[in-house]
Amino acid sequence: MKSVRVRFAPSPTGYLHVGGLRTALYNYLFARKNNGKFVLRIEDTDRNRFVEGAVENLISALKWCGLDFDEGPETGGKLGPYLQSQRLGIYQKYIQELVVKGDAYYCFCTHERLEALKEEQQKQKFPQAKYDKHCLSLSKSRIEENLANRIPFVIRLNVVPNQKIIFDDIVRSRVEFDSNNVDDQVLIKSDGYPTYHFANVVDDHLMEISHVIRGEEWLSSTPKHVLLYDSFGWERPIFAHLPLLLNPDRSKLSKRQGDVAVEDYRAKGFLKEALVNFVALLGWNAGDDKEFYYMNELIENFSLERVNKSGAVFDIEKLNWLNAEHLRKKSNDDLLTMLRIEILNSQFSTLPTGRQVLNLPDAYLLKVISAMKERVSFVKEYLSNSPYFFEAPSKYDESSVLKNWKSETPDQMKKLYESFAKLNTPVKEDFEASLKETAAELNIDAGKLIHPLRLAVSGMSSGPGVYDILVIIGLEETQKRIDKAINTISVI
RNA sequence: GGCGCGUUCGUCUAGUGGUCUAGGACGCCGCCCUCUCAAGGCGGAGAUCACGGGUUCGACCCCCGUACGCGCUACCA
């Protein structure tokens, strides 16, 4: 088998679509699995769609996901340049070859004529509106005359009618088209730029691409590409058309129905490991029950033969779950680094009282992490789910107050406060013994103290075991909070 | 409209003619654990395998048709 070279060839729209990520990922996995090369090529042949900074965004999103390419803009490579807008001369050269062969021809038709033609064909109920090859019969001298007179032109593919165009696709097996349904596609636009169809074929050949792995939306135009390969006498790459990513209503995944850019998910706090893992499973599986994957495991197990044919709905619930799974698998040290960044980006960095939060020692944060690790799905939830580790509660969960803070509670808390006061640098067990003792003295269940205590110390009704909370915030802070709760809650 | 592609639990999927009265995962529900919330364990509901014809002793798996969905139908990619 000849060496594997694949490419991800996005148009620079300004951001990386998750569908694009999936396409890029499958290309990447296939390349790595087969010791091949992964090339990034930017398809920027539409000057009307130029977006400032789009290429940089694309590259940084790709890199964030861990998809490093072997050749591409910035990176370079032997078969560049990798920006199609810098390859115009190349297309000019190759299109001439086609014109000489008669497989492409100049067309001087105006927009008006094209428009009228289409209208007429529709009126006559043609099965499909197609160019009528009007300019194919232009004499050589006429063409030269037009060219000399600078009449705007395009160059079209000369599709020979009544032919079967057949190609193989790894995902869809054999696909067959009738050339009568293939239009004389514009190859070179009047501004001199190539269309996607032409540039993509020329570049894939010149860049020695072995496998074209792309979205299903390209399946219908593949016959045009095949015609081009054949006309040049170039070997066709192996095609693999990937199923589409869908909205919950099964339409093509779009901005209207939620986030669609990789950077959106990044901003929301999703881990790249989770996003990549999730997206990999949308349309592929190894045939077993494994669902949790790291990148190296994906590479090891990936194969195009196991890619599905039908579209997959992007289900955020499952992404959430995978994010939690990946987060829990992180080491506490990694989590510490992430938590610090989260704190830096939180309200604490601007709040005057936030200073001490920023300066919390590693040892403290590490304790918070062990206590909360099983209870968070996102790093930011360390702050939102257990704010009490960072600041004393300023309000108390209403339903918990109603349920746990009875008229006798303040006195009981006072008693507990006094018991705790006798402790000296208590560990978890000391707090527990002290509380149970107090409960016994008061002749009540430990729960009658535990729940109000949790409320007093955290302001909420959920979280790690109370004693864990107490140890982390410390005896002094515990007492302060009990005291504050007694005063504040009774006032309500 | 034409052409192409697709169709297994709500969602992602396993399944390549008998092992399928269809398996797993997410989500949902219940139980256990338990000071709460998670995590974990156990269990449950949930798919007449889009529908209709064939082929076959036998079809989720093969063939044909229909329906529905999606894609393409640009001097956009």
Side-chain angles (χ1 to χ4, degrees), chain A residues 9-13 43-46 48-49 84 107 109 111 114 118 122 125-130 152-156 169 171-172 175-178 180-183 185-197 199-200 214-223 241 243-244 246 248-252 278 281-292 306 308-322 324-325 328 372-377 385-386 400 403-404 432 435 445-455 458 460-467 469:
Chain A
S11 64
T13 54
E43 312 246 336
D44 58 347
T45 53
D46 185 358
N48 300 322
R49 286 229 243 161
Q84 289 187 327
C107 170
C109 289
H111 278 107
L114 260 20
K118 197 182 218 173
Q122 271 166 1
K125 299 254 185 269
F126 270 45
Q128 188 196 9
K130 270 171 62 183
F153 65 90
V154 299
I155 300 178
R156 288 181 182 274
D169 184 288
V171 177
R172 330 240 152 215
V175 186
E176 194 176 317
F177 287 82
D178 189 322
N180 294 334
N181 292 316
V182 180
D183 199 5
Q185 181 64 231
V186 169
L187 264 18
I188 299 290
K189 301 182 248 185
S190 55
D191 63 5
Y193 276 63
T195 57
Y196 167 87
H197 302 98
N200 134 80
R214 75 224 310 189
E216 194 193 271
E217 67 266 33
W218 296 113
L219 192 60
S220 298
S221 37
T222 304
H241 286 94
L244 263 22
L246 274 22
D249 70 356
R250 305 206 75 86
S251 56
K252 190 173 165 185
F278 175 65
L281 259 19
L282 254 25
W284 170 86
N285 75 87
D288 53 26
D289 288 341
K290 187 173 167 69
E291 302 220 65
F292 183 92
R306 290 204 58 87
N308 289 144
K309 292 174 171 63
S310 51
V313 173
F314 191 94
D315 177 22
I316 196 82
E317 295 283 1
K318 196 150 186 174
L319 211 207
N320 286 337
W321 168 73
L322 270 173
E325 290 289 302
R328 288 188 200 110
M372 292 300 293
K373 201 167 183 176
E374 299 296 326
R375 282 164 250 265
V376 298
S377 298
N385 289 5
S386 55
S400 181
K403 192 177 167 198
N404 300 310
E432 184 166 0
L435 182 140
D445 288 340
K448 284 272 181 289
L449 291 178
I450 287 173
H451 295 294
L453 174 61
R454 170 185 296 284
L455 182 64
S458 74
M460 29 178 68
S461 60
S462 65
V466 247
Y467 308 120
I469 298 177

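These numbers come from the heavy atoms of this one structure, side chains and all, not from hydrogens, waters or symmetry mates. Per chain, numbering begins at 1; letters A, B, ... match sequence-line order.
Residue contacts shown for A/Val182 are absent, as no nucleic acid heavy atom lies under 4.0 Å away. Among the atoms of the strands shown, only primed sugar atoms or phosphate atoms (P, OP1, OP2) are found under 4.0 Å from some heavy atom of A/Glu176. Backbone-only engagement by A/Ser310 is indicated by non-hydrogen atom pairs under 4.0 Å involving sugar-phosphate atoms exclusively. When heavy atoms are screened at a 4.0 angstrom cut-off, A/Gly215 is found touching no nucleic acid atom at all. Within the nucleic acid shown, A/His111 comes within 4.0 Å of at least one base atom, counting heavy atoms only.
With distances taken from any side-chain atom of A/Asn285 to the nucleotides B/A14, B/G6, B/A25, the minimum falls on B/A14. Checking B/G6, B/C12, B/A25 against the side-chain heavy atoms of A/Arg172 singles out B/G6 as nearest. Among the nucleotides B/G27, B/C12, B/G4, the one closest to any side-chain atom of A/Phe177 is B/G4. When the nucleotides B/C12, B/C75, B/G4 are ranked by their closest atom to the side chain of A/Arg156, B/C75 comes out on top. Candidate nucleotides B/A77, B/G71, B/A25 were compared by shortest atom distance to the side chain of A/Lys252, and B/G71 ranks first. Considering only side-chain atoms of A/Gln185, the nucleotide from B/A74, B/G27, B/G4 that sits closest is B/A74. Out of B/A77, B/G15, B/G6, the shortest distance to the side chain of A/Arg49 is found at B/A77. Closest contact between the side chain of A/Val186 and the listed nucleotides B/C75, B/C72, B/U36 involves B/C75. The side chain of A/Lys318 has B/G24 as its nearest neighbour among B/G24, B/U36, B/G71. The side chain of A/Arg306 sits closest to B/G15 out of B/G71, B/G15, B/C12.
One N or O donor and one acceptor, one from the side chain of A/Arg375 and one from the base of B/C37, sit under 3.5 Å apart.
The side chain of A/Asn181 contributes no N or O atom lying less than 4.0 Å from OP1 or OP2 of B/G2. At B/A77, none of the side-chain N or O atoms of A/Asn200 fall inside 4.0 Å of OP1 or OP2 (strictly under the cut-off). Residue A/Lys118 places at least one side-chain N or O closer than 4.0 Å to OP1 or OP2 of B/A74. Taking side-chain N and O atoms only, A/Arg250 has no distance below 4.0 Å to OP1 or OP2 of B/A50. Phosphate proximity of B/C76 to A/Lys189: present, with a side-chain N or O under 4.0 Å from OP1 or OP2. Residue A/Thr45 has a polar side-chain atom (N or O) positioned under 4.0 Å from OP1 or OP2 of B/A77. The side chain of A/Asn308 contributes an N or O atom lying less than 4.0 Å from OP1 or OP2 of B/A14.
Comparing B/C60 with B/G18, their P atoms are spaced 11 Å from each other, to the whole Å. Taking the P atom of each, B/G6 and B/C32 are spaced 49 Å apart, rounded to whole Å. Comparing the same atom, P, in B/A38 and in B/C31 gives a spacing of 13 Å after rounding to whole Å. Rounded to the nearest Å, the gap between the C1' atom of B/A77 and that of B/U66 is 35 Å. Atom P of B/G41 sits at a distance of 48 Å from the matching atom of B/A67, rounded to the whole Å. Across the P atoms, B/A59 and B/U21 are found 12 Å apart, a figure rounded to whole Å. The same atom, P, is picked in B/C57 and in B/G65; the two are 24 Å apart, to the nearest Å. Comparing B/G24 with B/G44, their C1' atoms are spaced 16 Å from each other, to the whole Å.
With both pairing distances under 3.5 Å, B/U7 is matched to B/A67 as a Watson-Crick or G-U wobble pair. A 3.5 Å limit on both hydrogen-bonding distances identifies no Watson-Crick or G-U partner for B/G27. In a base pair of the Watson-Crick type (N1 to N3 plus N6-O4 or O6-N4) or a G-U wobble (N1-O2 and O6-N3), with each distance short of 3.5 Å, B/C60 is matched with no nucleotide. Nucleotide B/U19 has no partner under the Watson-Crick or G-U criteria, as no pair reaches both atom distances under 3.5 Å. Nucleotide B/G1 forms a Watson-Crick or G-U wobble pair with B/U73, both donor-acceptor distances falling under 3.5 Å. B/G40: Watson-Crick or G-U partner is B/C32, with both key distances under 3.5 Å.
Between A/Leu219 atom CG and B/C70 atom P the separation is 17 Å, expressed in whole Å. Spacing between atom CG of A/Leu319 and atom P of B/U13 amounts to 14 Å, rounded to whole angstrom units. A/Leu187 has its CG atom 15 Å from the P atom of B/A74, to the nearest Å. Spacing between atom CD of A/Glu317 and atom C1' of B/G27 amounts to 6 Å, rounded to whole angstrom units. Atom CE of A/Met372 is separated from atom P of B/U36 by 16 Å (rounded to the nearest Å). Computed from coordinates, the A/Asp289 CG to B/A22 C1' distance equals 14 Å when rounded to whole Å. For A/Lys290 and B/C26, the NZ to P distance is 14 Å, given to the nearest whole Å.
Summary of the strand contacts: A/Ala312 and A/Ser11 both lie near RNA chain B, and taking for each the nucleotide with the nearest heavy atom, the more 5' one is attributed to A/Ala312. Place A/Leu114 and A/Asp288 on RNA chain B by their nearest nucleotides, and A/Asp288 ends up nearer the 5' end.
For the pair A/Glu216 and A/Lys309, the tightest heavy-atom approach, listed with the atom from each and the gap, is OE1-O, 4.0 Å. Across all non-hydrogen atoms, the minimal contact from A/Leu322 to A/Phe292 is CD2-CD1, 4.4 Å.
The environment of NZ in A/Lys373 is crowded: more than 12 heavy-atom neighbours from other residues, nucleotides or ligands sit within 6.0 Å. In this structure, A/Lys290 places its NZ atom where more than 12 heavy-atom neighbours from other residues, nucleotides or ligands lie under 6.0 Å away.
Considering CG of A/Asn385 and CZ of A/Arg375, their distance stands at 10.5 Å, rounded to 0.5 Å. Atoms CD and OG, from A/Gln185 and A/Ser221 in turn, are 8.0 Å apart once rounded to the nearest 0.5 Å. Taking CD of A/Gln84 as the start and CG of A/Asn200 as the end, the distance is 7.5 Å to the nearest 0.5 Å. Going from atom CD of A/Glu43 over to atom CZ of A/Arg49 covers 12.0 Å, rounded to the nearest 0.5 Å. To the nearest 0.5 angstrom, A/Lys318 atom NZ is 11.0 Å from A/Glu325 atom CD. Note that the CZ atom of A/Arg214 and the CG atom of A/Leu219 stand 8.5 Å from one another [nearest 0.5 Å].
Using cut-offs of 30° and 60° for the angle between ring planes, the A/Phe314 and A/Phe278 rings count as perpendicular.
With hydrogens and angles left out, the side-chain atoms of A/Asn308 and A/Ser310 include no donor and acceptor closer than 3.5 Å.
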Shorter than 3.5 Å, N or O on both sides, protein versus nucleotides 28-35 of chain B: list them out with atom names.
{"unit_1": "B/C35", "atom_1": "O2'", "unit_2": "A/His451", "atom_2": "ND1", "d": "3.3"}
{"unit_1": "B/C35", "atom_1": "O2'", "unit_2": "A/His451", "atom_2": "NE2", "d": "2.8"}
{"unit_1": "B/C35", "atom_1": "O2", "unit_2": "A/Arg454", "atom_2": "NH2", "d": "3.1"}
{"unit_1": "B/C35", "atom_1": "N3", "unit_2": "A/Val466", "atom_2": "N", "d": "3.2"}

